[in-house]
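Have a look at the structure below before the remarks.
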Number of protein chains: 2
Amino acid sequence: MASKSQRQHLIERILAERSVSDHGELVELLAAEGVEASQASVSRDLDELGAVKLRAGGQTVYAIPEIATQRAVPLETLRRVCGDWVVDAQHSQNLVVLTTPPGSAHVVASAIDRSDSDDVLGTVAGDDTILVVAAPHTTGEAVAEHFRELAGL
Amino acid sequence: MASKSQRQHLIERILAERSVSDHGELVELLAAEGVEASQASVSRDLDELGAVKLRAGGQTVYAIPEIATQRAVPLETLRRVCGDWVVDAQHSQNLVVLTTPPGSAHVVASAIDRSDSDDVLGTVAGDDTILVVAAPHTTGEAVAEHFRELAGL
DNA sequence: CATAAATATTCATTTATGTGAATAATTATG
DNA sequence: CATAATTATTCACATAAATGAATATTTATG
């Protein structure tokens, strides 16, 4: 069985190269690449990939928005990254300090940056420390708690 | 239940702070922090964390080598990172070109750098492309195939 | 607005992962 | 080298994630 992520990458590539108008067609194209999947799985995949249905001149076509491929890190991924690398999460005022193993800070910060949460204005990463600036509408405390939850701390 | 990664981070912290001479002691220290775990789990954790048993003057003490905390990314983690972000892996001579979604290259390259494989001399990451230099004793083809396997491609 | 087509969701099942108890294997010690 | 202490592994089980078939829901179309 092909892995879920492999299938989803393949879907991304297929959508970038061809026009796909419905789930059934995508199921067939996947099968042509040797990947078996049901319409139900395709539906879930498109949802998880953030795919949208475009209508251009009577034709409907699925596509993955730039914003989805360029930025969005799924919450599930952010959770894994934080679980793997975030050792501690403290806060002071609207600033959250995340601690990671030495040298790992920028990996985590990059994932956070790409997760485009409304609660985070931005991050700055050192070697084993990340400063996370909480947005005005929330608090450092709440954001720190959020990261502790993500990291399983 | 505390997550596995939480428990393992806690073990790292405990070992950094105190002298732990056997699994049973570590089980107790974990319990004192509110984390229940059996000796079997502790054994597996220490293995996965790359812990070593040091002997200093009759005393035996567990520790996690610098190389483990600073560099080693577990194969399992590298597999997840590649599965999530590596879209393609091609090679030419001893160079492997990995393709990722835009902006994600450095996340993957960082994980590869920290996985200290003997087969990889080093990486250079752009925006959506990583150059991986294969070591002399192997080939770009073999390394590319390795990454395809990791990524589920 | 009725009907067909397409898509999302539920449910049951499979598969993968994590776990502790028991035990095997290893390592230390007299 | 025998024995005790420690550590790794096996096994059975629990939990979570992924999946397809069936079905409910939504969307398009005459």
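Quick caveat, the model's predicted, so the values are computed rather than measured. Throughout, protein chains are lettered first and strands after them, A, B, ... in sequence-line order, and every chain is numbered starting at 1.
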Per-nucleotide protein contact along nucleotides 12-17 of chain D, 5' to 3', at a 4.0 Å heavy-atom cut-off (B base, S sugar-phosphate only, - neither), is ------
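Nucleotides of DNA chain D nearest to A/Arg44 and B/Ser43 differ in position, and the one nearer the 5' end is that of B/Ser43. Of the two residues near DNA chain D, B/Asp22 and A/Glu36, the one whose nearest nucleotide lies more 5' is B/Asp22.
Between B/Gln6 atom CD and C/dT19 atom P the separation is 11 Å, expressed in whole Å. Counting to the nearest Å, the P atom of D/dT7 and the CG atom of B/Leu54 are 13 Å from each other. Across the protein-nucleic acid pair, A/Arg7 atom CZ and C/dT15 atom C1' stand 14 Å apart, rounded to whole Å. Rounded to a whole Å, the CG atom of A/Asp45 is 9 Å from the P atom of D/dG20. Spacing between atom CZ of A/Arg80 and atom P of C/dT17 amounts to 12 Å, rounded to whole angstrom units. Across the protein-nucleic acid pair, B/Glu48 atom CD and D/dT9 atom P stand 12 Å apart, rounded to whole Å. B/Leu49 places its CG atom 12 Å from the P atom of D/dA8, with the value rounded to the nearest Å. The distance between atom CG of B/Leu30 and atom C1' of C/dT19, rounded to the nearest whole Å, is 15 Å.
Annotation for B/Gly122 and B/Asp113: closest pair C-OD1, 4.5 Å, computed over non-hydrogen atoms.
For B/Asp128, there are no salt bridge (Lys or Arg N to Asp or Glu O under 4.0 Å) partners, not counting sequence neighbours. Contacts of A/Asp119 classified as side chain to side chain contact (heavy atoms under 4.5 Å, CB included), with partners at least two apart in sequence or in another chain: A/Ser117, A/His137, A/Thr138, A/Val143. By the salt bridge (Lys or Arg N to Asp or Glu O under 4.0 Å) test, A/Glu48 is found to be paired with A/Lys4, residues two or more places apart in sequence or in another chain being considered. For A/His23, the ring pair (Phe, Tyr, Trp, His ring centres under 6.0 Å) partners are A/Tyr62, not counting sequence neighbours.
Residues A/Val107 and A/Thr100 form no side-chain contact, since every pair of their non-hydrogen atoms from C-beta on lies 4.5 Å or further apart. By the 4.5 Å heavy-atom criterion applied to side chains, A/Glu12 and A/Leu49 are counted as neighbours.
Listed in residue order, the members of residues 14-21 of chain A having a heavy atom less than 4.0 Å from DNA chain D come to none.
End-to-end axis angle for the helix from C/dC1-D/dG30 to C/dG30-D/dC1, using five pairs per end and rounding to 10°, comes out at 30°.
A donor-acceptor contact closer than 3.5 angstrom links the side chains of A/Arg114 and A/Ser110.
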Between the protein and nucleotides 23-30 of chain C, are there any N/O to N/O pairs under 3.5 Å, and if so, what are the atom names and distances?
none

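Remark: B/Glu25 CD is packed, more than 12 non-hydrogen atoms of other residues, nucleotides or ligands lying under 6.0 Å away. Shown here is A/Arg13, whose CZ atom has more than 12 heavy atoms of other residues, nucleotides or ligands within 6.0 Å.
Within the structure, ring pair (Phe, Tyr, Trp, His ring centres under 6.0 Å) pairs that include any residue of residues 92-117 of chain A do not occur (at least two apart or interchain). For the salt bridge (charged side-chain N to carboxylate O under 4.0 Å, His left out) condition, the pairs that include at least one residue of residues 142-153 of chain A, sequence neighbours left out, are A/Arg79-A/Glu149, A/Glu145-A/Arg148.
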Show me the donor-acceptor pairs within less than 3.5 Å that the side chains of residues 90-97 of chain B make with the rest of the protein, sequence neighbours left out.
{"residue": "B/Gln90", "atom": "NE2", "partner": "B/Asp88", "partner atom": "OD1", "Å": "3.1"}
{"residue": "B/Gln90", "atom": "NE2", "partner": "B/Asp88", "partner atom": "OD2", "Å": "3.4"}

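The hydrophobic cluster around A/Val87 extends to none of the other residues, as no ILVMFWY side-chain heavy atom falls under 4.5 Å of it.
When the side-chain nitrogen and oxygen atoms of A/His23 are compared with OP1 and OP2 of C/dA5, none of them lie within a distance under 4.0 Å. A/Ser41 has a side-chain polar atom (N or O) that falls below the 4.0 Å cut-off from OP1 or OP2 of D/dG20.
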